[in-house]
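Data first, discussion second: the structure below is written as structure tokens.
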2 protein chains.
Amino acid sequence: MAQLQKSIEKRNALVKATIHLVNNNGFHATPMSKIAKMASVSPATIYLYFDNKQDLVNKVYIEVKAAFTAYAFKNYNTDIPVAEGFEIIWKRIADFKLKEVQEAMFLAQCDNTPMIDETSRQEGLKHLQPLLDLWERGKQEGIIKPLSPYLLYAYSINPLSFLMVMQQRGVFQLNQDHLEDAYRAAWDSIKK
Amino acid sequence: MAQLQKSIEKRNALVKATIHLVNNNGFHATPMSKIAKMASVSPATIYLYFDNKQDLVNKVYIEVKAAFTAYAFKNYNTDIPVAEGFEIIWKRIADFKLKEVQEAMFLAQCDNTPMIDETSRQEGLKHLQPLLDLWERGKQEGIIKPLSPYLLYAYSINPLSFLMVMQQRGVFQLNQDHLEDAYRAAWDSIKK
DNA sequence: AGTCATAAAATGAACGTTCATTCTTTTTTT
DNA sequence: AAAAAAAGAATGAACGTTCATTTTATGACT
């Protein structure tokens with residue numbers, strides 16, 4: 001029991017170190033030796049928890065993505081009206097990206113590079129279904145534009161990633177007023 | 001003269017090969033030997049044109065970025081009214097991303113990873129000034145929302161990158177109708 | 001409770017490979 | 001013939017992964 005506990009701690013440390021180092025250096029410029037060192041572990045120990053480097057980063061991606069969507073949909077259920085549901089989800093996503101900066105940065109990098117296996121990418125996409133359902137409902141009720149989900153996503157949700165990256169690079173400071181403006185822009189771009 | 005001519009061809013081949021290989025494998029999974037092979041050149045020859053691998057990718061980034069912005073602002077000048085100017089620029093950007101897919105993918109990857117030096121990133125940003133000026137004018141005339149340029153960019157220009165990546169991954173096909181919809185969403189999100 | 005045998009977990013060193021870069025030689029151009 | 005450009009082979013460092021060994025935890029038996 002104490003043994004299992006310890007293992008989980010080590011695994012978490014490895015995941016955390018991977019996120020941090022990949023954010024700063026990229027996947028291929030992050031040696032296993034450095035991940036091990038940051039997690040206070042021997043390089044060989046990584047291979048007790050993961051098959052290899054690719055498996056490590058795939059698993060980290062899927063776990064972070066799952067955590068992200070769990071957070072995003074926490075206060076949402078299908079009984080809530082479309083406009084309100086969208087606002088709830090959008091603001092939770094913004095929350096996540098502002099609070100869990102490292103995790104969000106990691107996802108942004110994964111989504112824009114060939115770093116992740118295609119299958120893991122697909123896996124990560126599945127979790128977004130509630131949002132797609134909401135948009136479908138919104139279209140049927142004539143509340144939002146009859147557009148492809150990719151367009152809806154591109155103009156309402158995805159811009160948050162861009163803003164977060166800019167904030168992270170220190171080029172501008174994102175505050176609560178900005179977020180209200182951003183939400184308004186997001187809604188204006190998809191509402192009918 | 002004939003010698004210089006030949007050199008430029010080799011250099012172009014190297015740039016092209018770098019873009020292609022980095023798009024498919026990422027920066028660090030693209031060995032100089034493969035770039036050389038794809039450009040039909042010896043690895044050593046690369047070092048006649050570029051200082052090292054980092055210098056190569058930085059220069060490719062800046063050149064592609066310059067080509068991109070030159071294309072974007074081709075038909076625009078400061079006498080054109082704000083709304084019309086925005087439409088011209090937006091559609092040229094969309095054009096570029098659809099026609100020069102490899103170049104656009106390369107920029108998207110550079111903008112979301114630690115692959116490029118910070119100074120090169122800054123350098124690439126400078127070229128966007130005409131768009132910033134246009135927004136400033138739009139705000140003063142009360143035509144577009146009084147928002148930070150980062151918000152304006154995030155909700156009007158940047159989504160195109162997302163759409164292009166999705167298209168490139170084959171998850172959906174972007175056609176002319178989509179582009180009209182996308183432009184409408186872009187404008188709705190920033191107009192007052 | 002304490003001892004010890006066994007198994008699991010963890011380690012550091014070592015291996016084989018890959019890669020960026022350099023060096024020496026050959027080819028091409030002037 | 002001299003200089004510039006290009007080539008391929010060589011070099012040394014870094015990396016992912018494995019291996020042999022040590023450390024730690026577990027549980028049976030006194």
Side-chain angles (χ1 to χ4, degrees), chain A residues 1-61 106 109-110 113-117 120, chain B residues 1-61 106 109-110 113-117 120:
Chain A
M1 191 45 85
Q3 162 210 357
L4 182 65
Q5 198 59 27
K6 198 172 180 189
S7 293
I8 285 176
E9 276 166 28
K10 269 198 217 301
R11 213 196 104 112
N12 287 344
L14 284 169
V15 169
K16 198 122 202 152
T18 302
I19 292 170
H20 188 264
L21 289 169
V22 168
N23 276 348
N24 286 292
N25 307 46
F27 172 57
H28 284 285
T30 301
M32 295 296 258
S33 55
K34 266 194 199 152
I35 296 175
K37 189 166 283 178
M38 178 167 270
S40 304
V41 142
S42 161
T45 303
I46 302 180
Y47 293 86
L48 299 176
Y49 295 91
F50 303 95
D51 295 343
N52 48 50
K53 196 182 177 185
Q54 187 63 55
D55 179 56
L56 166 63
V57 78
N58 283 341
K59 287 203 171 125
V60 171
Y61 172 74
F106 183 78
Q109 190 171 170
C110 288
T113 66
M115 169 176 139
I116 293 290
D117 283 352
S120 300
Chain B
M1 191 45 84
Q3 161 211 358
L4 183 63
Q5 196 62 27
K6 198 173 179 189
S7 294
I8 284 176
E9 275 166 30
K10 270 200 217 299
R11 213 196 104 112
N12 287 345
L14 284 169
V15 169
K16 197 126 203 148
T18 302
I19 292 170
H20 189 265
L21 289 169
V22 168
N23 277 347
N24 287 291
N25 308 337
F27 172 57
H28 283 285
T30 301
M32 296 295 260
S33 56
K34 269 194 198 151
I35 296 175
K37 190 166 281 177
M38 178 168 268
S40 305
V41 142
S42 161
T45 303
I46 301 180
Y47 293 85
L48 300 176
Y49 295 90
F50 303 94
D51 295 343
N52 50 47
K53 196 181 176 186
Q54 187 63 54
D55 179 57
L56 166 62
V57 78
N58 283 341
K59 286 200 172 127
V60 171
Y61 173 74
F106 183 79
Q109 191 171 169
C110 288
T113 66
M115 173 177 137
I116 294 289
D117 283 351
S120 299

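The figures here come from the full heavy-atom set of this structure, side chains too, leaving out hydrogens, waters and symmetry mates. Proteins get letters first, then strands, A, B, ... in listed order; numbering begins at 1 in each.
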Exercise for review: Run through B:Val60, B:Leu14, B:Asn24 and flag the one making a side-chain contact (heavy atoms from CB on, under 4.5 Å) with B:Ile19.
Suggested key: B:Val60
Revision key, fill the gap. Here the distance between atom P of C:dC23 and atom OH of B:Tyr47, to the nearest Å, is 13 Å
**Study point:** Minimum-distance nucleotide to A:Leu48 side chain [options: C:dA9, C:dA20, D:dA6]
**Key:** C:dA9
Review point. Do any N or O atoms from the side chain of B:Gln54 and from the backbone of B:Met115 form a donor-acceptor pair under 3.5 angstrom?
Key: yes
Check your understanding: Considering only heavy atoms from C-beta outward, does the side chain of B:Gln109 approach that of B:Phe27 to under 4.5 Å?
Key -> no
Practice item. Determine whether A:Tyr49 and A:Ser7 make a side-chain contact, defined as any pair of heavy atoms from C-beta on separated by less than 4.5 Å. Key: yes
Check your understanding: Of all of residues 19-30 of chain B, which get a heavy atom below 4.0 angstrom from DNA chain D, listed by number?
Key -> none
Study note, to complete from the structure: Separation of D:dT24 atom P from A:Lys10 atom NZ, nearest Å, is 10 Å
Check your understanding: Whole-Å distance between D:dG8 P and B:Lys37 NZ?
Key -> 10 Å
Review point. Could you give the CG-to-C1' distance, from B:Leu56 to C:dA20, as a whole number of Å?
Key: 12 Å
Exercise for review: Nearest whole angstrom, please: distance from the C1' of C:dA20 to the CD1 of B:Ile46.
Suggested key: 10 Å
Exercise for review: Please tell me if the side chains of A:Lys53 and A:Val57 come closer than 4.5 Å, counting only heavy atoms from C-beta onward.
Suggested key: no
Review point. Within this structure, what is the CZ-to-P distance between A:Phe50 and C:dA10, rounded to whole angstrom?
Key: 12 Å
Practice item. Please tell me if the side chains of B:Lys10 and B:Leu48 come closer than 4.5 Å, counting only heavy atoms from C-beta onward. Key: no
Review point. How many angstroms lie between CD1 in B:Ile35 and CZ in B:Phe50, if you round to the nearest 0.5 Å?
Key: 9.5 Å
Under-3.5 Å N/O pairs linking protein and nucleotides 12-18 of chain C:
from   : atom 1 : to      : atom 2 : distance (Å)
C:dG12 : N7     : A:Ser42 : OG     : 3.0

Point to revise | Distance, rounded to the nearest Å, where B:Ile35 contributes CD1 and C:dC19 contributes C1' | key: 12 Å
Practice item. Calculate the interatomic distance between A:Glu9 atom CD and D:dA25 atom P; express it in whole Å. Key: 12 Å
Review point. Is the number of heavy atoms from other residues, nucleotides or ligands within 6.0 Å of NZ (B:Lys16) greater than 12?
Key: no
Exercise for review: Would you indicate whether B:Lys34, at its atom NZ, is surrounded by more than 12 heavy atoms from other residues, nucleotides or ligands within a distance under 6.0 Å?
Suggested key: no
